[in-house]
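First the structure, in the form of structure tokens, and then the observations on it.
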Amino acid sequence: MGMRAIVRGVGHYLPEKVVENAEFEKTLDTSDEWIRSRSGIERRCLAAEGQTTSDLAIRAGRAALENAGLTADDIDAIVMATSTADLTFPAAATMVQAGLGMTRGFAFDVQAVCAGFIFALANANALISTGQARRVMVIGAETFSRLMDWEDRSTCVLFGDGAGALILEAGEGAGTAADRGILSVDLNSDGRHKDILYVDGGVSTGRTGHLRMAGKEVFRHAVEKLSDTAHAALEKAGLTGEDVDWLVPHQANLRIIKATAQRLQLPMERVIVTVQDHGNTSAASIPLALSVGSAEGKIQPGDVVVTEAIGGGLAWGSVVLRW
Ligand code: UT7
């Protein structure tokens, strides 16, 4: 017995501007072939000038409300995962709250970079299971294009902008893995690895800065830690890889996604892959993939879904839920 955080609706928004890999060949020593074969990325969407992270999040939030058949007044809390809030403060979530016309409840940001949506889901789950909120909008939204050094070919070809939103609602559960809703959470971080993926700017430097990444090292950690955290979350839920209907991984690199699926003994037919169209959208990648997978009719009510992500910190984790 107890309260479960059950999916009530999902939605997303992508900026209109689509940039194909070949575009980068004009300004950088790179190729569509290199980007495609090393990362699986074919194109990405980039926010228009003046279009902020909260702008994208508001559109994703509206789409999720429509999908759920709810209005902003029905939402008790917004938990927003982002590392690219419009301003240093206030929290982008409060801008989204105002933008959606939500005048009660509360809203705050969660910052765990590419793993942010997992940490935001964990927060929302805690709010619902302890009775502090009945309906929570969980958003992942980013404009990583604003953090790119457009002369650094090793990073600028990998990232994109976008937003996804999930609405979770309290519902009674039997306390077993047969319940709908969030079944288990596994969170981790290890600040000793802070220098392999970071932004070289911020409040202490007086400028926004650019993303810097030791790609190969992050890759090595990702494959190992993502399968470990997914296994840990499944074990906490009392499930095994065989129970999984869909793996919805953070979309950073197709090679990482394939290696993780293999370690979980899941065929690629059971993995939602959007990295080819979105690039790495950091905290937005999982809710974008959930929204696309649901809209395509792949993820169905009752399905067991495993989400996992890793990013700067390092911070990583996994959430298992029954859709
Ligand atoms: O979301 C947060 C988590 N982030 C990730 O999970 C990203 C993890 N890392 C990766 O996805 C991969 O490491 C990358 C896609 C970033 C790079 O792939 P890689 O197979 O690890 O390549 P590499 O960094 O070892 O680079 C191989 C070569 C280098 O040349 P040399 O030193 O071998 O001569 C790079 O200079 O490829 C070169 N290179 C490029 N060449 C053409 C790097 N970027 C490019 C580029 N175009 N855009």
Side-chain angles (χ1 to χ4, degrees), residues 19-44 81-84 111-120 140-145 147-162 164 188-191 193-199 210-230 247-261 263 271 273-276 278-289 307-318:
V19 176
E20 300 287 337
N21 288 347
E23 278 290 307
F24 291 103
E25 294 174 2
K26 296 176 189 165
T27 53
L28 293 169
D29 179 16
T30 188
S31 64
D32 173 44
E33 207 285 317
W34 190 95
I35 301 169
R36 215 179 264 258
S37 62
R38 296 295 178 116
S39 73
I41 297 166
E42 297 170 23
R43 60 192 65 79
R44 75 285 293 140
T82 189
S83 301
T84 48
Q111 216 271 46
V113 205
C114 294
F117 194 73
I118 299 290
F119 283 71
E142 304 274 21
T143 48
F144 260 48
S145 61
L147 300 178
M148 290 302 116
D149 172 352
W150 295 103
E151 287 174 4
D152 177 9
R153 66 175 184 173
S154 72
T155 53
C156 75
V157 301
L158 302 174
F159 292 88
D161 302 332
N188 312 268
S189 65
D190 187 344
H193 304 301
K194 65 181 169 42
D195 295 333
I196 63 173
L197 177 50
Y198 68 102
V199 171
H210 293 127
L211 181 144
R212 305 295 175 199
M213 176 166 74
K216 245 193 173 60
E217 277 193 68
V218 176
F219 191 103
R220 195 169 48 78
H221 282 287
V223 172
E224 183 190 293
K225 290 181 165 56
L226 289 173
S227 56
D228 284 355
T229 187
L247 176 66
V248 183
H250 171 47
Q251 311 280 325
N253 187 315
L254 186 58
R255 286 153 57 214
I256 296 175
I257 294 172
K258 283 183 173 166
T260 310
R263 281 175 170 229
V271 184
V273 180
T274 55
V275 70
Q276 72 283 357
H278 302 165
N280 182 346
T281 58
S282 182
S285 91
I286 289 175
L288 274 166
T307 61
E308 37 83 342
I310 186 165
L314 294 173
W316 69 101
S318 173

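Values below: all heavy atoms of this structure, side chains included; hydrogens, waters and symmetry mates excluded. Counting convention: from 1, in listed order, for ligands and their atoms alike.
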Can any side-chain N or O of [X] pair as donor or acceptor with the backbone N or O of [Y] at less than 3.5 Å?
| X | Y | result |
| --- | --- | --- |
| Ser189 | Gly313 | no |
| Gln251 | Pro249 | yes |
| Asn280 | Asn253 | no |
| Arg212 | Tyr198 | no |
| Thr143 | Ser145 | no |
| Arg44 | Val157 | yes |

Residue, atom name and distance, where the atom is the protein heavy atom closest to [atom]:
| atom | answer |
| --- | --- |
| atom 23 (P) of ligand 1 | Lys216 NZ, 3.9 Å |
| atom 1 (O) of ligand 1 | Asn280 ND2, 2.6 Å |
| atom 4 (N) of ligand 1 | Val218 CG1, 3.6 Å |
| atom 47 (N) of ligand 1 | Thr30 OG1, 2.6 Å |
| atom 35 (C) of ligand 1 | Arg153 NH2, 4.0 Å |
| atom 19 (P) of ligand 1 | Arg38 NH1, 3.7 Å |

Which atoms of ligand 1 have any heavy atom of [X] under 4.0 Å away?
| X | answer |
| --- | --- |
| Leu158 | 16 (C) |
| Cys114 | 1 (O), 2 (C) |
| Gly215 | 8 (C), 9 (N), 13 (O) |
| His250 | 1 (O), 2 (C) |
| Leu197 | 2 (C) |
| Ala252 | 1 (O), 5 (C), 6 (O) |
| Ile256 | 6 (O), 8 (C) |
| Arg255 | 18 (O), 20 (O) |

For ligand 1, does [X] get within less than 4.0 Å through its side chain, its backbone, both, or neither, judged by non-hydrogen atoms?
| X | result |
| --- | --- |
| Asn253 | side chain |
| Val113 | neither |
| Trp34 | side chain |

### Message
Would you say that Ile196 contacts His221 through its side chain, given a criterion of any heavy-atom pair below 4.5 Å between the two side chains?
### Response
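When only atoms from C-beta onward are counted, His221 and Ile196 do touch, with a gap below 4.5 Å.
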### Query
Got Glu217 and His193 here, is their nearest side-chain heavy-atom distance under 4.5 Å?
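The answer is no, as the side chains (C-beta and beyond) never meet within the 4.5 Å cut-off.
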### Query
Can you list the steps and then say if Phe117 with Ser285 is a side-chain contact (heavy atoms from CB on, under 4.5 Å)?
CA-CA 8 Å; Phe117 194 73; Ser285 91; over 6 Å; no
Heavy-atom distance from [atom] to the protein below 4.0 Å?
| atom | answer |
| --- | --- |
| atom 33 (O) of ligand 1 | no |
| atom 44 (N) of ligand 1 | yes |
| atom 38 (C) of ligand 1 | yes |

### Aromatic plane relationship, Phe24 with Trp150 - under 30° parallel, 30 to 60° tilted, over 60° perpendicular
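It falls in the parallel class, under 30°.
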### Task
Please verify whether a non-hydrogen atom of Thr155 lies at under 4.0 Å from ligand 1.
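Judged by the 4.0 Å heavy-atom criterion, Thr155 does not count as contacting ligand 1.
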### Message
Distance check, rounded to the nearest 0.5 Å: Asp228 atom CG versus Asn188 atom CG?
### Response
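Result: 9.0 Å between the selected atoms.
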### Task
Given side-chain contact (heavy atoms from CB on, under 4.5 Å), test Leu226 with Ile256 step by step and report yes or no.
CA-CA 9 Å; Leu226 289 173; Ile256 296 175; 3.8 Å; yes
### Query
Is there a side-chain hydrogen bond (donor to acceptor under 3.5 Å, both in side chains) between Glu142 and Thr82 once you walk through the steps?
CA-CA 6 Å; Glu142 304 274 21; Thr82 189; 3.2 Å; yes
